[in-house]
Every structure is written in C-alpha cells, then in structure tokens.
Student: 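Please find one structure pasted underneath; my questions will follow.
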Amino acid sequence: MKKQNHPFHLVDPSPWPLTGSIGALTMTSGMVMWFHMKNMTLMILGMTILILTMVQWWRDIIREGTYQGKHTIVVTNGLKWGMILFIISEIFFFISFFWGFFHSSLAPTIEIGMTWPPKGIETFNPMEIPLLNTTILLCSGITITWAHHSIMNKNHEQTIKGLFVTCALGIYFTILQAYEYLESPFTISDSVYGSCFFMATGFHGIHVIIGTTFILVCLIRTMKFHFSSKHHFGFEAAAWYWHFVDVVWLFLYISIYWWGS
C-alpha cells in the first residue's frame, strides 16, 4: 500500500473465480445426474471443489483486509454499497416468488378447482412448526444485534456468545424445516401450490444455510481477534444479510403459511 498514492484496492490475480465456476458447473451437472440416474458422485465432486474454493478465497480476502491493510475506508465504503445492492437484488429475487404466489392465489383458475389452496392439498398448520421457526428467526435477529452492539462496545466475550447463539438458532431452524419437508403431505409437483411453496421456502432455506455459514465464519474470526470496534465490516455484512433473511421469512409466514392456508 505504501507504493501507491491512492486508497483503492487493486485486486491481485486469483484462480478462485475460475475454480468456483468449474465447481458450480460440476455440482449442477451432478444434480441432474442425481435426479435422473441416482448417481451422486459428480455432485459430491462439485460440492468439494466449491467448498475448497470458498475456504481459500475467503482466506485470501481475510488476509488482504485484516493483515495487509488493503481494506481502506474508501474500499470499505465500496464493499458496503456492494452488499446493499446485492441485498436489493435478493429482495427482487424473492418478489418474483411472491408475485407468482399471489397471481395464482388471488384468482385461482378452473384447473385447480377455482379455490385456494387447490382441491386435494392439505396445508401445514401455521400454528405448529412454522410458528416455532418464526420465533427462532426473530430470536436470532435479537442475538445478532446483541453481538453487533457488543463488538462496538469492545466486549469480546459477549460478541462470541451472541454469534454462537445465532449460529445455533440458524442450525435449529434448518433442522426443523428439513423435518417439515420430510413430513409434508404434498410435493413440489402438486399443482401450483406445491411449486410456489417449495420454491419460496426452499430458496429461503438455502439463504438461511448461507447466512449461518456467514455468521459461523464471523464467529471463528472473532475468536481469532480479526475484528475491532471500528473495523468489522465482514461482521456487519453478515448481520445485514441475516436481518434480510428474517424479514423475508416474516413475509413467507404471513402470506404462504398463514393467509395462504
């Protein structure tokens, strides 16, 4: 950084975008093989490539931001705007699912019996696992805010506790949703209701897994003293993403589980 007279980060050449693309292609091709030929070998290979890529790419970014000092105030502001725009793009991603759901539910066609839920669909009771999952995510929003305030107040021990509880709640949510899927009385192929339900809740579940991983990495970094009260954007980005996941679930619960049932 001493050899340049500007605050911007000129990224070094990296192989990880290429290996990440190869891993994603291998995994999706492997999923097709799994669905049609019951063979998971290629999918597991793709997931392995992706995991190895993520570990090494994240290691490089942590090194640049924490040890080499390349994440200046200007760079951090750019990262913040990048995260904000990413979350906005994710909001529109979920709007498309809600659009499909309300398009089908507000004016049910004759093919599904002109009623919603469609004839023959037995929906989930919104007062059981869905309500418990809602409580879990709301509590996790509180615990990550607790961790955020702790890091700003230089309370290292409380930050670790808050992040640990948030991770545990995220894992608990995922386990309950997996159990709900296993016990589901309908499938993704059961009319437009099944398609809307599993696409919306399934993609939200993937986002919960990603968010939990994000927070777990922040927990490990906090334990290694990578963050300070002033320099902790990696943690802040994880908190923003987790709050976004919380809000999407509230809309899912109210519209699909409660109103839609």
Side-chain angles (χ1 to χ4, degrees), residues 87 90-148 161-216 238-261:
I87 289 173
E90 292 280 272
I91 289 168
F92 280 94
F93 175 76
F94 277 100
I95 283 174
S96 65
F97 295 130
F98 285 110
W99 189 296
F101 174 78
F102 284 113
H103 173 83
S104 302
S105 61
L106 292 173
T109 61
I110 194 168
E111 287 83 4
I112 59 173
M114 298 185 73
T115 182
W116 193 266
K119 284 189 178 298
I121 295 289
E122 183 187 339
T123 61
F124 288 104
N125 184 346
M127 295 296 116
E128 293 178 350
I129 289 179
L131 182 61
L132 177 57
N133 269 343
T134 304
T135 308
I136 289 166
L137 279 191
L138 288 175
C139 289
S140 71
I142 294 169
T143 56
I144 200 164
T145 304
W146 165 34
H148 193 192
K161 286 179 181 176
L163 286 171
F164 178 79
V165 174
T166 308
C167 279
L169 290 171
I171 293 166
Y172 187 29
F173 176 95
T174 303
I175 291 168
L176 283 173
Q177 191 167 35
Y179 175 75
E180 182 182 69
Y181 278 13
L182 287 171
E183 296 293 313
S184 174
F186 57 90
T187 69
I188 195 170
S189 60
D190 282 327
S191 81
V192 70
Y193 184 90
S195 300
C196 287
F197 177 87
F198 281 105
M199 285 296 287
T201 60
F203 268 110
H204 177 268
I206 291 169
H207 281 72
V208 170
I209 293 168
I210 293 167
T212 305
T213 308
F214 204 167
I215 295 165
L216 181 61
W240 291 356
Y241 188 82
W242 195 253
H243 288 310
F244 154 74
V245 167
D246 282 358
V247 172
V248 169
W249 176 260
L250 286 176
F251 280 100
L252 279 173
Y253 177 74
I254 291 167
S255 59
I256 295 179
Y257 281 101
W258 183 60
W259 180 84
S261 66

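Computed over heavy atoms, backbone and side chain alike; hydrogens, waters and symmetry mates excluded. Throughout, residue positions are numbered sequentially from 1 according to the sequence presented. These numbers were taken from a predicted model, which means no experiment stands behind them.
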Student: Step by step, would you call Phe173 with Leu169 a side-chain contact (heavy atoms from CB on, under 4.5 Å)?
Tutor: CA-CA 6 Å; Phe173 176 95; Leu169 290 171; over 6 Å; no
Student: Take a 6.0 Å sphere around CZ of Phe164 and say whether it holds more than 12 heavy atoms from other residues, nucleotides or ligands.
Tutor: no
Student: Using modelled atom types and a 3.5 Å cut-off, is there a donor and acceptor pairing between side-chain atoms of Tyr253 and backbone atoms of Pro126?
Tutor: yes
Student: For Val192 and Glu111, what are the C-alpha separation, side-chain angles and deciding distance, and is it a side-chain contact (heavy atoms from CB on, under 4.5 Å)?
Tutor: CA-CA 10 Å; Val192 70; Glu111 287 83 4; over 6 Å; no
Student: Tell me every residue that passes side chain to side chain donor-acceptor pair (under 3.5 Å) with Thr166, counting only those two or more places apart in sequence or in another chain.
Tutor: Thr143
Student: Provide the closest heavy-atom pair for Pro130 versus Trp249 in the form atom of the first, atom of the second, distance.
Tutor: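 Smallest interatomic distance, heavy atoms only, reads O-CZ2, 3.9 Å.
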Student: Out of curiosity, Asn133 CG to Ile175 CD1, how far, rounded to the nearest 0.5 Å?
Tutor: 10.5 Å
Student: Please find the pair of heavy atoms, one from Phe98 and one from Ser255, that lie closest to each other, and give the distance.
Tutor: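 For Phe98 and Ser255, the tightest heavy-atom pair comes out as CE2-OG, 3.3 Å.
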Student: Please report the closest heavy-atom contact between Cys167 and Thr212, naming both atoms and the distance.
Tutor: O-CG2, 3.8 Å
Student: Run Thr123 and Phe197 through side-chain contact (heavy atoms from CB on, under 4.5 Å) and show every step you take.
Tutor: CA-CA 10 Å; Thr123 61; Phe197 177 87; over 6 Å; no
Student: For a 4.5 angstrom cut-off between non-hydrogen side-chain atoms, does Val248 reach Phe244?
Tutor: yes
Student: Just so I know, are the side chains of Phe251 and Phe97 near enough to count as touching, which here means a heavy-atom distance under 4.5 Å?
Tutor: no
Student: Which atom names give the shortest non-hydrogen contact between Ser191 and Ile112, and what distance separates them?
Tutor: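 Reported closest heavy-atom pair: CB-CG2, 4.3 Å.
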Student: I need the minimum non-hydrogen distance between Met114 and Ile110, along with the two atoms involved.
Tutor: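 The answer is CG-CA, 3.4 Å.
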Student: May I ask you to check whether over 12 heavy atoms, not counting those of Tyr179, lie within 6.0 Å of atom OH?
Tutor: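 12 or below, so no.
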Student: How many angstroms lie between atom CD1 of Ile171 and atom CD1 of Ile215, to the nearest 0.5 angstrom?
Tutor: 10.0 Å
Student: Are side-chain heavy atoms of Glu128 and Leu132 found at a separation under 4.5 Å?
Tutor: no
Student: Out of curiosity, Thr134 OG1 to Ile254 CD1, how far, rounded to the nearest 0.5 Å?
Tutor: 8.5 Å
Student: So, Gln177 side chain and Thr201 main chain: donor-acceptor pair closer than 3.5 Å or not?
Tutor: yes
Student: Grab the two heavy atoms, one from Ile256 and one from Ala200, that are nearest each other, plus how far apart they are.
Tutor: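 Nearest heavy atoms, Ile256 then Ala200: CD1-CB, 3.8 Å.
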Student: Any heavy-atom pair between the side chains of Trp146 and Ile142 that's under 4.5 Å?
Tutor: no
Student: Name the orientation class of the two ring planes belonging to His207 and Phe203 (parallel below 30°, tilted from 30 to 60°, perpendicular beyond 60°).
Tutor: perpendicular
Student: Look at the side chain of Ser104 and the backbone N and O of Phe101, then say whether any donor-acceptor pair between them is shorter than 3.5 Å.
Tutor: no
Student: Judged by atom type as modelled, is there a donor-acceptor pair below 3.5 Å linking the side chain of Ser140 to the main-chain atoms of Leu137?
Tutor: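 The answer is yes, because a donor-acceptor pair under 3.5 Å joins these two groups.
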Student: Could you check if a side-chain atom of Leu138 sits within less than 4.5 angstrom of a side-chain atom of Leu250, using non-hydrogen atoms only?
Tutor: yes
Student: Is the shortest side-chain heavy-atom distance between Phe186 and Pro117 below 4.5 Å?
Tutor: no
Student: Heavy-atom count around Trp258 CH2 within 6.0 Å, excluding the residue itself: above 12?
Tutor: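 Open.
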Student: Return the CD1 to CG distance between Ile129 and Leu176, rounded to the nearest 0.5 Å.
Tutor: 6.0 Å
Student: I need the Cys196 SG to Ile188 CD1 distance, nearest 0.5 Å.
Tutor: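 It is 10.0 Å, given to the nearest 0.5 Å.
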Student: Once rounded to the nearest 0.5 Å, what's the spacing between atom OG1 of Thr145 and atom NE2 of His243?
Tutor: 3.5 Å
Student: When you look at OH of Tyr172, are more than 12 heavy atoms from neighbouring residues, nucleotides or ligands closer to it than 6.0 Å?
Tutor: no
Student: For the residue pair Phe124 and Tyr257, does the interplanar ring angle fall in the parallel (under 30°), tilted (30 to 60°) or perpendicular (over 60°) class?
Tutor: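 Aromatic pair Phe124/Tyr257 classed tilted.
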Student: Would the distance check show the side chain of Ser184 and the main-chain N or O of Glu180 forming a donor-acceptor pair, the cut-off being under 3.5 Å?
Tutor: no
